[in-house]
Amino acid sequence: MGVVNITKNTTMICAPLMAQSVEQVLSNMYQAKAEGADVVEIRLDCINNFQPGKDLEIILTKKPLPVLIVYRPKWAGGLYEGDEHKRLEALHLAEDLGADYVDFELKVASNILGKQYSSHQSGTRFIVSCNLDCETPSEEDLGYLVSRMQATGADIIKLVFSVNDITEIARIFQLLSHCQVPIIAYSVGERGFVSQLLSPKFNGALVYGSLKGTPVSGLPTVESLRQTYKVGHINADTKVFGLISKPVGHSKGPILHNPTFRHVNYNGIYVPMFVDDLKKFFSTYSSPDFAGFSVGFPYKEAVMKFCDEVHPLAQAIAAVNTIIRRPSDGKLIGYNTDCEASITAIEDAIKERGYKNGTASFGSPLAGRMFVLAGAGGAGRALAFGAKSRGARVVIFDIDFEQSLLLLM
């Protein structure tokens, strides 16, 4: 299951541009196109000494790809502090000049869009947005909010969350799957990172990615969305594999595993998952769509109690670094691949260099050697177990003396 003819979805990749000059906006637009963005979001409130008539005409006549215009006031998290009427006039001008998308905040959209649609002749699509700085609303409250946003007549609605836990993102996925109009919905921050990557699976209209040289906290890059994650080919049938860790942003796992999935024509995606609470996490992401997990620091030992079954080697090591959801019954099976993968790699390296240790040629080149470990965590457990099984003399450096002793017993 999972080996399919993977077709492209309709989710667009958008690069947010917060340049301070029109010249930089133009430069960034061409960069965004070269890196693979489908559309750019231009924040007019970030442009110094912005002159709507002059600057919008330059931007929109020279745009190399579709443009989403945002002019965010300070009360909605932006930088604009001037006259509200002039701000709205600039957004209407953007429509007149051929902007592909124009963003209006929910607070003002109800009064504007009804009148606007009565004489709406352009090809501009209106986005109604709402930034939720508070705790993620319940499903019932989210439903009510979405109904209000749809009632404005918006072509697309946009909700930006700030989750405190990765389990709250499940509500975003639910929202994306069931909304009656095109929707953009995601969370900012490291805990919300996965909401961008998996948005196409749940039918999101757009995902955001930053440009090279201008990183945005909590966002993947346009290049990684295109090359590493291949979000254009994610669909409802895509199986999700994730790295459970805290922190998780340093991981190179996606660069390794995602190309491997594509190489064998497997419809899967490997994503980083910043997890705070294992119990809540496994309770929330229990569907077959979430097919397996790698386990990183600090959870390799604690995660064992959430596995329905644990492989004997992992049981002996007392650490799990790989979990597979068994397709036949959905049970979580825990394994440890750290041990054999690491130890055999070290053995192969020693053999390749031709080092001798006086043992028979058919024995392990680690036998009788001193094997030094820095750290006595989950990975340390696996390496200590493997090295001892090969006859090595294990020495451990760790701040926790008792933990180190346990590994040597």
Side-chain angles (χ1 to χ4, degrees), residues 12 14-29 32-33 37-132 145-160 179 181-185 205-206 208:
M12 298 182 293
C14 179
L17 307 184
M18 291 170 277
Q20 297 181 348
S21 69
V22 172
E23 293 75 20
Q24 191 61 49
V25 168
L26 294 175
S27 174
N28 287 351
M29 281 198 287
K33 182 178 181 180
D38 299 302
V39 59
V40 290
E41 178 184 280
I42 299 175
R43 285 282 299 273
L44 301 181
D45 51 299
C46 293
I47 300 174
N48 293 331
N49 303 313
F50 175 62
Q51 300 174 53
K54 175 186 174 184
D55 294 344
L56 276 172
E57 185 167 7
I58 293 172
I59 290 169
L60 294 173
T61 55
K62 295 186 177 182
K63 63 184 177 75
L65 73 175
V67 164
L68 190 171
I69 293 294
V70 178
Y71 201 4
R72 197 71 78 211
K74 195 158 189 178
W75 55 261
L79 300 177
Y80 181 77
E81 297 184 85
D83 180 74
E84 180 69 359
H85 180 69
K86 290 183 178 179
R87 183 181 78 89
L88 297 176
E89 278 187 343
L91 291 173
H92 294 316
L93 178 59
E95 180 201 357
D96 294 339
L97 291 174
D100 302 274
Y101 306 90
V102 175
D103 179 298
F104 292 94
E105 299 79 16
L106 176 60
K107 183 177 177 179
V108 301
S110 300
N111 296 327
I112 293 173
L113 295 191
K115 300 173 185 176
Q116 193 83 350
Y117 268 110
S118 63
S119 58
H120 187 56
Q121 301 295 326
S122 72
T124 302
R125 302 186 73 190
F126 296 135
I127 297 175
V128 171
S129 62
C130 182
N131 196 324
L132 299 168
L145 176 59
V146 168
S147 295
R148 283 180 56 206
M149 297 177 80
Q150 289 181 254
T152 64
D155 296 300
I156 303 170
I157 64 175
K158 175 182 176 181
L159 284 161
V160 182
C179 191
V181 299
I183 180 172
I184 304 162
L206 183 151
Y208 283 87

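Not measured: the values here are computed from a predicted model.
- Side-chain contact between Met29 and Ile59: present, with at least one pair of heavy atoms (C-beta onward) separated by less than 4.5 Å.
- Between Leu79 and Cys46 there is a side-chain heavy-atom pair separated by less than 4.5 Å.
- Residues Asp55 and Asn49 come closest through the heavy atom pair OD2-O, 4.1 Å.
- Within the 4.5 Å cutoff, no side-chain heavy atoms of Lys63 are placed close to those of Ile42.
- Between the OG1 atom of Thr124 and the OH atom of Tyr101 there is a distance of 10.5 Å, given to the nearest 0.5 Å.
- Residues Val39 and Pro66 share a closest heavy-atom pair of CG2-O, 3.2 Å.
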With side-chain contact (heavy atoms from CB on, under 4.5 Å) as the test, would you mind laying out the steps for Ile157 and Thr152 before giving the verdict?
CA-CA 10 Å; Ile157 64 175; Thr152 64; 5.8 Å; no
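- Note that the OH atom of Tyr208 and the CD1 atom of Ile184 stand 5.0 Å from one another [nearest 0.5 Å].
- For the pair Leu88 and Val108, the minimum side-chain heavy-atom distance is below 4.5 Å.
- No donor-acceptor distance shorter than 3.5 angstrom exists from the side chain of Ser129 to the backbone of Lys158, with no hydrogens or angles considered.
- Taken to the nearest 0.5 Å, the CE atom of Met18 stands 12.5 Å off from the CD atom of Gln24.
- Looking at heavy atoms from C-beta onward, Ile156 lies out of side-chain contact with Leu206 at the 4.5 angstrom threshold.
- In summary, Arg87 and Glu84 engage in a salt bridge, as defined by a charged side-chain N under 4.0 Å from a carboxylate O.
- Looking at Asp100, its side chain never comes within 3.5 Å of a backbone N or O of Leu68 through a donor-acceptor pair.
- By the ring-ring contact (aromatic ring centres under 6.0 Å, His included) test, Phe50 pairs with Tyr71, sequence neighbours left out.
- A distance of 11.0 Å separates CZ in Arg43 from CG in Leu17, rounded to the nearest 0.5 Å.
- Note that CD of Glu95 and CZ of Arg125 are 13.5 Å apart. Values are rounded to the nearest 0.5 Å.
- For the salt bridge (Lys or Arg N to Asp or Glu O under 4.0 Å) condition, the pairs that include at least one residue of residues 71-82, sequence neighbours left out, are Arg72-Asp103, Arg72-Glu105, Lys74-Glu81.
- Summarising the local packing, CD of Glu57 is surrounded by 12 or fewer heavy atoms from other residues, nucleotides or ligands at distances under 6.0 Å.
- Heavy atoms only, all atoms of each residue included: Ala37 and Leu65 are closest at O-CD1, 3.5 Å.
- The structure places NE2 of His92 at 9.0 Å from CG of Asp96, a figure rounded to the nearest 0.5 Å.
- At least one side-chain heavy atom of Leu56 sits under 4.5 Å from a side-chain heavy atom of Ile69.
- Closest approach of Ala19 and Asn28 over heavy atoms only: CB-ND2, 3.8 Å.
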